[in-house]
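Here the structure is laid out as structure tokens; the discussion comes afterwards.
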Number of protein chains: 4
Amino acid sequence: MTDNDPVPNSKKTTVITAPDRRRELLATAAEVFAAEGYNATTVRRIADEAGLLAGSLYYHFDSKESMLDEILSTFLDELWAGYDAVLAAGLGPRETIEALVTESFREIDRHRPAVAIYQRESRHLTGRPRFAYLAASQRKFETVWLGTLERGVAEHVFRADLDIRLTYRFVRDTVWVAASWYRPGGAHSPEEIARQYLSMVLDGIAVRA
Amino acid sequence: MTDNDPVPNSKKTTVITAPDRRRELLATAAEVFAAEGYNATTVRRIADEAGLLAGSLYYHFDSKESMLDEILSTFLDELWAGYDAVLAAGLGPRETIEALVTESFREIDRHRPAVAIYQRESRHLTGRPRFAYLAASQRKFETVWLGTLERGVAEHVFRADLDIRLTYRFVRDTVWVAASWYRPGGAHSPEEIARQYLSMVLDGIAVRA
Amino acid sequence: MTDNDPVPNSKKTTVITAPDRRRELLATAAEVFAAEGYNATTVRRIADEAGLLAGSLYYHFDSKESMLDEILSTFLDELWAGYDAVLAAGLGPRETIEALVTESFREIDRHRPAVAIYQRESRHLTGRPRFAYLAASQRKFETVWLGTLERGVAEHVFRADLDIRLTYRFVRDTVWVAASWYRPGGAHSPEEIARQYLSMVLDGIAVRA
Amino acid sequence: MTDNDPVPNSKKTTVITAPDRRRELLATAAEVFAAEGYNATTVRRIADEAGLLAGSLYYHFDSKESMLDEILSTFLDELWAGYDAVLAAGLGPRETIEALVTESFREIDRHRPAVAIYQRESRHLTGRPRFAYLAASQRKFETVWLGTLERGVAEHVFRADLDIRLTYRFVRDTVWVAASWYRPGGAHSPEEIARQYLSMVLDGIAVRA
DNA sequence: AATGAATGAGCGTTCATTCAT
DNA sequence: CATGAATGAACGCTCATTCAT
């Protein structure tokens, strides 16, 4: 969960606004942020893409930053809903990793722009108070994944001869960086990509001797 | 690709000579570009960090973009020098992959900011004529890595049951994304990180049945 | 040549409408360009004079250069409309020269700043593609005036003992350089100035023997 | 005379400097000022043209403005030396005008860049105290030319039916604007241009009835 | 005399944001 | 809800000028 993010309908002036329009505008903004980068994206560009004037966006949103905020927190909310469901199932370490990876590729499929933005911008955003939930999410993420890996090593299903933090970074990075090349509706479904990915990570690409 | 001359310190005193000053400023710029992103970095920020005024940078460089250009092309020149040496050795597919990965981590060690910048900016830079070499490098990169993987599959040293392009992306990302967390002088040497990564990628993290 | 639309004041109130605002700003810019020179004029100076901030000019115009472009092309469009009407009348050489000179002084009356800018800047502008129409106008101008003078010599209404190109330059400069001192609403109307100039140029200032 | 201009060798630091180098640099500067305009000319451009670095010009001159000053005042000094010689000859009005015009074209021949600069820049320079001599020269110029024309009208050698101030501006402008197209070593000598010019101005271009 | 490197003010321009209509 | 016009801060960059060497 994103810890401190405002519930979507907490904005007082826009509560009456059709939430569909809002979602629509955010989707447009996310697409542009992902394609061009947050800083390089002008509010005018988003407005152009959405078919209104730059100033008009401010009827719907407080600021460019609040759009980014809403995009990222919405994504993280969903991500953690999925992760939490996996964790609640009480699976073994290997099965947990498999389920988390599959869930992650499903999130990339559903929120590709948000994931791409997260990858690109989260590092220099975590400092700002408004985005404190990014750091919180990152910490929880590490706890979950690293914990599962450690449990796997303890239960002898994962190798003990590897630096566990290195392994964690390895898995974390390779999963999420897929958002940079993944295109929904491509050759492979998220589940198929997860299957192949897990096969590589768990068993390696070398032919067994 | 670049024409900064590498004439060594020819003055007898410890006075900072011209090419050194250039390198020094580029190192500062690269550090800031990597930390903040190219677009978000102001030329004043680079100047502050380097201890001079913004306008003074233009005595040494034509533009902010030309600094980026020089950083990236210098890095790629060195990277390809290393890769070409590996390829010239005529190793088998597995040994070639091992040598390329090791060389890559060495480049990350030497050019961490440049690698981080490359990761973050190359996508939207490849369009511009000035950065055409980025696309060329990317193509050559794919040829080399994908070719080696295919050779490995043909020679039965790499698994044949995986989507080879997916494997390529996986390996490629695995290596370069490490630049986002790697810090020179940390717990592991580049060679040690390469060894662990190769062990994961080649043999998997799961305990063998 | 330009696409500023000349829709008249369509609002019922005295509120300044958009095309008027544009014209107003261009008039201000032209006045300052004429007084200080294009290069020496800062966009802030124009904005000050017009009562807004420098950046706000960019809501109305793409660039400082596009203001210059619009000023010059608007002027030349009108000038050629006038000239073409004269030429279509099929007058004799002397009457054509008289009508062209009179028309020219009327243009100076209506577009004094534009004429002054044209005089001062056209030479180093003609190189740029955007201002190619300046060179085209200049060529057409020479064709018309030189042709009329030559016709006059052929028809024995102008002297044959003078270098015709020298005469052309002399007459051309005579007319346009007046923009540097002419002030609308001064002692003489454009038509009166044209009459006196024509008297001088055609008959000379010396008392006839 | 330029009233208040400093005698060339009054600069304390440069009195020992070879005056040839100084003249050479000023000639280069004048050429560039004339071609590009004073404001549009960078000190670096002058230095490039002269084969040294921008900063080195400051060994020879106090400032860019002082180069302009020296160029203009040198030109005006020579111009007035010539004019004063003409005036001292005590000729009749027509012969005085003829001699002044001839002298003017000779000055254009010798000081074309300076004349062109004068034409283009003097208007917005006359305000500054340093260039007060420009206004003084202009006043003296008007006194001499307008006076001679008036004397000619009084003595019935020039027409009385023309506005005398208009005539003055007419002659003044058409003479000096020649600097904008005159090229030394061209088809006509200054004296030949003066002869043709005088023939036009005095007798007109129309064939006498 | 000239260089190399810097200063500091200012330039044209961009852009997130505001607000009366 | 949206527009049109503006604000104001900041940006990349230029350039006359300075000065130790």
Side-chain angles (χ1 to χ4, degrees), chain A residues 13-14 16-18 21 25 39-47 50-67, chain B residues 11 13 15-18 21-22 25 39-47 50-67, chain C residues 11 13 15-18 21-22 25 39-47 50-67, chain D residues 13-14 16-18 21 25 39-47 50-67:
Chain A
T13 55
T14 42
I16 308 158
T17 302
R21 185 77 171 122
L25 292 171
N39 274 303
T41 298
T42 71
V43 119
R44 189 171 177 167
R45 175 72 199 282
I46 299 170
L52 38 67
L53 290 182
S56 309
L57 279 176
Y58 287 80
Y59 178 82
H60 301 278
F61 304 99
D62 287 345
S63 65
K64 184 183 168 189
E65 198 181 74
S66 81
M67 294 187 225
Chain B
K11 302 254 175 65
T13 62
V15 149
I16 291 162
T17 55
R21 184 72 172 131
R22 213 185 158 73
L25 293 171
N39 275 307
T41 298
T42 71
V43 111
R44 275 163 178 86
R45 176 71 199 282
I46 298 171
L52 39 64
L53 289 178
S56 307
L57 283 173
Y58 289 81
Y59 178 79
H60 301 278
F61 304 99
D62 285 345
S63 63
K64 183 185 168 187
E65 195 178 82
S66 82
M67 294 187 224
Chain C
K11 301 254 174 66
T13 60
V15 148
I16 290 162
T17 54
R21 184 70 170 130
R22 212 185 159 71
L25 293 171
N39 275 307
T41 298
T42 71
V43 112
R44 275 162 178 87
R45 176 71 199 283
I46 298 170
L52 40 64
L53 288 179
S56 307
L57 283 173
Y58 289 80
Y59 179 79
H60 301 277
F61 305 98
D62 285 346
S63 63
K64 182 185 170 188
E65 196 179 82
S66 83
M67 296 187 221
Chain D
T13 56
T14 41
I16 308 158
T17 302
R21 185 74 172 125
L25 293 172
N39 274 303
T41 299
T42 69
V43 119
R44 189 173 177 165
R45 175 73 198 283
I46 299 169
L52 38 67
L53 290 182
S56 308
L57 280 174
Y58 288 80
Y59 178 83
H60 301 278
F61 304 99
D62 287 345
S63 64
K64 184 184 169 188
E65 197 180 76
S66 82
M67 294 186 226

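Predicted, not measured: the structure shown is a model, and the values here were computed from it. Heavy-atom basis, side chains included; hydrogens, waters and symmetry copies ignored. Letters A, B, ... are given to chains in the order of the sequence lines, protein chains preceding strands, and every chain is numbered from 1.
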Quiz item: Does a side-chain N or O from D/Arg21 land closer than 4.0 Å to OP1 or OP2 of E/dA2, or not?
Solution: yes
Practice problem: Any strand is fair game: report the nucleotide pairing with E/dA20 by Watson-Crick or G-U wobble, both distances under 3.5 Å, or none. | Solution: F/dT3
Practice problem: With DNA chain F as reference, determine whether A/Gly55 or B/Thr41 sits nearer its 5' end, using the nearest nucleotide of each. | Solution: A/Gly55
Exercise. State the pairing partner of E/dA9; accept Watson-Crick or G-U wobble contacts with both distances under 3.5 Å, and report none otherwise.
Key: F/dT14
Quiz prompt | For atom NZ of D/Lys64 and atom C1' of F/dT14, their distance in whole Å | solution = 11 Å
Quiz item: So what does C/Ser66 hit on the nucleic acid, given a heavy-atom distance under 4.0 Å: a base, only sugar-phosphate, or nothing?
Solution: nothing
Exercise. By nearest nucleotide on DNA chain F, pick out whichever of C/Leu53 and B/Val43 is the more 5' one.
Key: C/Leu53
Practice problem: Check the distance between F/dC13's P and B/Phe61's CZ and give it to me in whole angstrom. | Solution: 13 Å
Quiz item: Does the side chain of C/Ser56 get closer than 4.0 angstrom to OP1 or OP2 of F/dT7 through an N or O atom?
Solution: yes
Quiz prompt | Value in whole Å for how far the P atom of F/dA5 lies from CG of C/Leu25 | solution = 10 Å
Exercise. Return the nearest nucleotide to the side chain of A/Leu52; candidates are E/dA1, F/dA2, F/dA5.
Key: F/dA2
Quiz item: For the side chain of C/Arg44 and the base of E/dG10, is some donor closer than 3.5 Å to an acceptor across the two?
Solution: no
Self-check item: D/Leu57 CG to F/dC15 C1', straight-line distance once rounded to whole Å
Solution: 13 Å
Quiz item: Is any side-chain nitrogen or oxygen of B/Tyr58 closer than 4.0 Å to OP1 or OP2 of F/dC13?
Solution: yes
Practice problem: Take the protein atom NE2 of D/His60 and the nucleotide atom C1' of F/dT17, then report the distance between them rounded to whole Å. | Solution: 16 Å
